[in-house]
**Q** 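My structure is below; once you've seen it, I'll send some questions.
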Amino acid sequence: MLYVILFSLFFLGLIVGSFLNVVVYRLEDKKRKNIRGRSFCPHCREKIKAYDLVPVLSWIILKGKCRSCKKEISVQYPLVELATGLVFAVLGYIFLQGLTFSIASLVNLVFWFFFTGCVITVFVYDLKHQIIPDEIIYTALVVALVFVGLNTGLTDNFEYLTEHLLAGFLAGGFFYSLAAVSKGKWMGGGDIKLVAFMGLVLGWKGAIIALYTAFILGALIGSFFLLTGRKKMGSKIPFGPFLVIGTFIGLLFGEQIVNFYVSMFM
Ligand SMILES: [Zn+2]
């Protein structure tokens, strides 16, 4: 039974992933609003046939090229679909284990799917354009506030509310001061909102692990780029993608890692 659910979640993720590609495509150029996203080839504007819109599979069959103009279709499309599918299945595996059905667990699962969609969009957009779109991050912040409020109401746990509000506020404040000290060179406004969102949904344990992972990854990959000469000292690397990876690590393992450290020193 569990595997049937996980398989369905994977396929749901593939479909949500192709929707995320459309969202990214539209955010890249606001004028595209009237065009129905990926149903057109970005090069020749030829309408893409329904049978060529199957997530991942179509891209592989067409060898990453448009059927009519043969120009390259970015590997971003299948990768985003595949990543969303995998994350959905992993979230399902973790959240559905030993879970009894309740409104609270349903709210949580739906929220984590929404959360996945938001952060994958941020990841792709920041990687491509070095900016986190306000449309996405403000929507994410508002929905996160509603989610934290709902969770508090459903569980009557006011400790949860204070912890998550405080984590969001402190993480955002920390990044705000980093941005102020460096005059926006280290962190941008988008990163501040992203970590506020992260703290809000993860709480302090998850947020600490998420930030820690993001900084270590950033340092490792930054030095790799410097050593291989791909980037110069002082050139910009978007920090959002590291924060997104850190957030997933914090979400999945934050609680266990912090509890493990606490038990070692107490
Ligand atoms: Zn084409």
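We number each residue from 1, following the sequence as shown. Both counts, for ligands and for their atoms, begin at 1 and track the order of listing. No hydrogens, no waters, no symmetry mates; every other heavy atom, side chains included, goes into these values.
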**Q** Taking the ring of Phe253 and the ring of Phe260, is the distance between their centroids below 6.0 Å?
**A** no
**Q** Do any protein N, O or S atoms sit under 2.8 Å from the Zn ion (ligand 1), and which ones are they?
**A** Cys41 SG, Cys44 SG, Cys66 SG, Cys69 SG
**Q** Run the ring pair (Phe, Tyr, Trp, His ring centres under 6.0 Å) test against Phe147 and tell me which residues pass, sequence neighbours left out.
**A** Phe111, Trp112
**Q** What pairs with Lys49 under salt bridge (Lys or Arg N to Asp or Glu O under 4.0 Å), at least two apart in sequence or on another chain?
**A** none
**Q** Residues in salt bridge (Lys or Arg N to Asp or Glu O under 4.0 Å) with Glu46, at least two apart?
**A** none
**Q** Are Lys128 and Glu28 within salt-bridge range, i.e. N to O under 4.0 Å?
**A** yes
**Q** Could Glu72 and Lys65 be called an ion pair, given the rule that one side-chain N must be under 4.0 Å from one carboxylate O?
**A** no
